[in-house]
Number of protein chains: 2
Amino acid sequence: MHTRALNTPTAMPVSFPRSERLAPGVANPALGGNACTRCRLRQRCLPTGLSEENLREFSTLIFSPRRVKAGQALYRAGDAFDAIYLVRRGFLKSIMLGEAGREQITGFHTEGDVVGIDAIGSERRTTEMVALEDSEVCGIPYARLEDMSRHIPALQRYLHRQLSEEIVRNHSMMFLLGTMRAEERLASFLLSLSERLTARGFSPSEFILRMTREEIGSFLGMKLETVSRAFSKFQREGMILVESKHVRLLDPEALQRLIGRQAQPQ
Amino acid sequence: MHTRALNTPTAMPVSFPRSERLAPGVANPALGGNACTRCRLRQRCLPTGLSEENLREFSTLIFSPRRVKAGQALYRAGDAFDAIYLVRRGFLKSIMLGEAGREQITGFHTEGDVVGIDAIGSERRTTEMVALEDSEVCGIPYARLEDMSRHIPALQRYLHRQLSEEIVRNHSMMFLLGTMRAEERLASFLLSLSERLTARGFSPSEFILRMTREEIGSFLGMKLETVSRAFSKFQREGMILVESKHVRLLDPEALQRLIGRQAQPQ
DNA sequence: ATAGTGCTTTGACGCAGATCAACCCTAGCA
DNA sequence: TGCTAGGGTTGATCTGCGTCAAAGCACTAT
């Protein structure tokens with residue numbers, strides 16, 4: 001039995017027990033050039049089922065990694081759509097802007113995620129993508145990806161699967177926003193975050209939030225004060241430990257129950 | 001200046017002035033067999049830019065129209081995903097089912113819409129599609145569509161555009177559910193309904209709602225009573241005329257303003 | 001040290017919308 | 001003709017969450 005890496009290399013608050021950081025699954029942590037075949041994320045980000053030859057061909061598509069500093073935008077609403085991106089490192093948010101200065105965060109993204117796929121088939125970006133911490137992404141020019149996916153069926157399936165997953169995620173969010181109350185939303189958020197981090201080889205029960213209470217609120221359709229109160233309540237009831245951005249899930253089943261119960265009367 | 005067709009062939013309530021029904025844009029209203037080239041919806045539902053030859057090839061894909069009676073499901077959650085559908089006639093809703101018997105309507109669909117595309121790339125349906133009135137859909141087996149789109153670029157683009165539009169619609173819904181208050185949601189709903197019907201050659205300002213207050217509420221994340229009150233208020237303020245399912249927009253700009261204003265304080 | 005800034009927490013209060021309930025209308029049907 | 005069921009409207013009341021405000025904490029700059 002061993003602890004898995006926290007989703008951060010930075011120091012923990014002193015009052016919190018520090019978890020050990022392990023190598024995230026792949027033996028060679030040194031990043032190579034931009035050749036996908038040597039990338040540490042190869043298992044997670046590339047289409048599966050490509051032949052060696054196809055994989056090499058696919059690698060030629062990819063721009064060398066681009067850095068996006070915390071606070072900077074990878075793209076903005078209105079920009080021409082010409083590429084999708086694989087997140088290689090870091091954490092980003094996608095934002096939708098509406099009239100009257102209203103805006104909403106429509107997603108958070110971290111390593112291994114495909115981002116910017118939502119504008120596929122359109123001319124321009126309708127959302128913008130901003131880094132919450134220093135990040136690195138690999139761009140794939142869309143026109144060439146479209147071409148290549150015509151003669152590599154596995155690539156076509158990969159693309160369609162990414163699109164499908166985006167749609168399914170969106171449906172889940174619509175469901176969350178349309179039917180859940182504040183505490184259910186936050187519980188759901190925490191559990192899904194935990195799942196995603198687990199899939200990336202991090203600890204399922206302990207993590208660092210990369211976003212503010214206000215950003216969580218924007219994503220979940222509630223105000224930052226409500227987010228904060230829900231965190232405090234979960235802590236009071238022993239379901240989580242929270243200290244500012246550091247969260248530990250003590251009783252995920254309780255969070256799950258909190259979402260599941262409370263069906264409509266009879 | 002002439003009036004356009006209402007989105008129904010049925011009789012109007014007597015107290016409402018009846019609009020004239022005109023032919024919906026295409027000269028020959030008699031439906032042919034299942035040959036797309038003779039379908040009255042050809043302009044709206046088929047990929048544009050196909051050569052005559054490609055169009056004939058595409059037509060061979062399509063199953064002959066399938067009828068779905070009001071209340072019946074076209075597919076259910078858990079069904080194998082094997083086809084997408086073009087709505088040829090009628091009106092349907094898609095529903096997402098959650099734990100504890102909760103459910104939410106994620107979309108309404110009418111003629112010319114592509115439905116069932118959300119499960120692309122997955123094995124099984126995650127939502128279900130139920131007809132609100134007697135409907136007709138043309139199925140397209142997905143595996144063959146995927147194949148064919150590899151050698152017909154216009155078809156590939158068409159597919160990607162459909163997926164993109166689905167994603168953009170979902171984002172708009174997330175924005176609506178996450179940032180708008182009840183009256184704004186309903187105003188937004190009415191305007192978007194009006195737009196969609198206009199694009200199909202119906203009257204932009206007068207239409208029949210095919211769904212109940214409860215279904216509108218489910219879609220917009222509010223209770224049926226709140227929907228009803230918002231309708232009444234809009235009518236009191238002279239923005240719409242509403243009599244049960246029959247709606248006329250008297251002042252669309254006012255509805256638009258209702259959404260636009262009310263930014264967050266400074 | 002000190003001040004300033006951004007983020008978080010917590011309390012007090014108010015309101016939008018949910019809930020509960022009564023009643024109406026229409027359609028279908030015995 | 002009357003009964004029933006489903007849908008819609010409206011009123012009264014309740015409550016979850018937004019709003020407003022104050023204060024604390026961690027960082028950074030000076």
Side-chain angles (χ1 to χ4, degrees), chain A residues 10-16 70-71 93 102 104 132-133 176-187 208-236 240-247 258 262-266, chain B residues 10-16 70-71 93 102 104-105 132-133 176-187 189 208-236 240-247 258 262-266:
Chain A
T10 62
M12 296 295 99
V14 277
S15 61
F16 251 97
K93 62 176 175 180
R102 276 192 279 205
Q104 189 185 28
L132 292 180
E133 60 177 6
L176 178 148
L177 292 168
T179 71
M180 293 188 185
R181 50 188 56 225
E183 284 171 22
E184 295 169 331
R185 293 180 196 196
L186 187 65
I208 303 294
L209 299 171
R210 305 261 99 117
M211 69 299 277
T212 67
R213 301 288 188 263
E214 186 170 19
E215 285 163 335
I216 296 174
S218 169
F219 184 55
L220 298 178
M222 51 206 257
K223 292 292 158 183
L224 68 97
E225 293 94 331
T226 308
V227 174
S228 179
R229 279 184 240 272
F231 269 127
S232 301
K233 180 154 183 244
F234 289 173
Q235 168 145 273
R236 258 197 322 277
I240 66 173
L241 261 180
V242 53
E243 188 182 299
S244 185
K245 298 217 185 296
H246 190 155
V247 174
L258 190 143
Q262 230 153 351
Q264 59 272 55
Q266 63 265 29
Chain B
T10 61
M12 296 296 98
V14 277
S15 61
F16 251 97
K93 62 175 174 181
R102 276 192 278 205
Q104 190 186 28
I105 294 179
L132 292 180
E133 61 177 5
L176 179 147
L177 292 167
T179 72
M180 293 188 186
R181 49 189 56 225
E183 284 171 22
E184 294 170 332
R185 293 180 195 195
L186 187 64
F189 174 72
I208 304 293
L209 299 170
R210 305 261 98 119
M211 69 299 275
T212 67
R213 300 290 188 262
E214 186 170 18
E215 285 162 335
I216 296 174
S218 169
F219 184 55
L220 299 179
M222 51 207 255
K223 292 292 158 181
L224 69 95
E225 294 94 330
T226 308
V227 175
S228 179
R229 278 184 240 271
F231 269 127
S232 302
K233 179 152 183 245
F234 289 173
Q235 167 145 273
R236 256 194 327 275
I240 66 173
L241 261 180
V242 53
E243 189 182 298
S244 186
K245 297 216 187 297
H246 190 153
V247 174
L258 191 142
Q262 231 153 352
Q264 61 270 55
Q266 56 266 31

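Please read these numbers as outputs of a predicted model, since none were measured by experiment. Each chain gets a letter, A, B and so on, in the order its sequence line appears, and its residues count up from 1.
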Checklist entry - Taking CG from A:Leu186 and C1' from D:dG16, how many angstroms apart are they, rounded to a whole number? => result 15 Å
Checklist entry - Rounded to whole angstroms, how far apart are CD on B:Glu183 and C1' on C:dC15? => result 13 Å
Which nucleotide, [options], lies nearest any side-chain atom of [X]?
X	options	result
A:Arg213	D:dT19, C:dT9, D:dT10	C:dT9
A:Glu225	D:dC17, C:dT8, C:dT10	C:dT10
A:Ser232	D:dT19, D:dG8, C:dT10	C:dT10
A:Arg181	D:dC17, C:dC20, D:dG8	D:dC17
B:Met222	D:dT9, C:dA18, C:dT8	C:dA18
A:Ala182	D:dC20, C:dC20, D:dC17	D:dC17

Between [X] and [N], is there a side-chain N or O to OP1/OP2 distance below 4.0 Å?
X	N	answer
B:Thr212	D:dG7	no
A:Lys245	C:dC7	no
A:Ser228	C:dT9	yes

Are [X] and [Y] packed together at the side-chain level, in the sense that at least one heavy-atom pair is separated by less than 4.5 angstrom?
X	Y	value
A:Lys93	A:Met211	no
A:Arg210	A:Glu215	no
B:Leu186	B:Phe189	yes
A:Arg185	A:Leu177	yes

Spacing of [atom1] belonging to [X] relative to [atom2] belonging to [Y], to within rounding of 0.5 Å:
X	Y	atom1	atom2	result
A:Leu220	A:Thr226	CG	OG1	11.0 Å
B:Leu176	B:Glu184	CG	CD	8.5 Å
A:Arg229	A:Arg236	CZ	CZ	10.5 Å

Distances for protein N or O near nucleotides 23-26 of chain C N or O, under 3.5 Å:
none

Checklist entry - Is there a donor and acceptor pair closer than 3.5 Å between the side chain of B:Arg229 and the base of C:dT19? => result yes
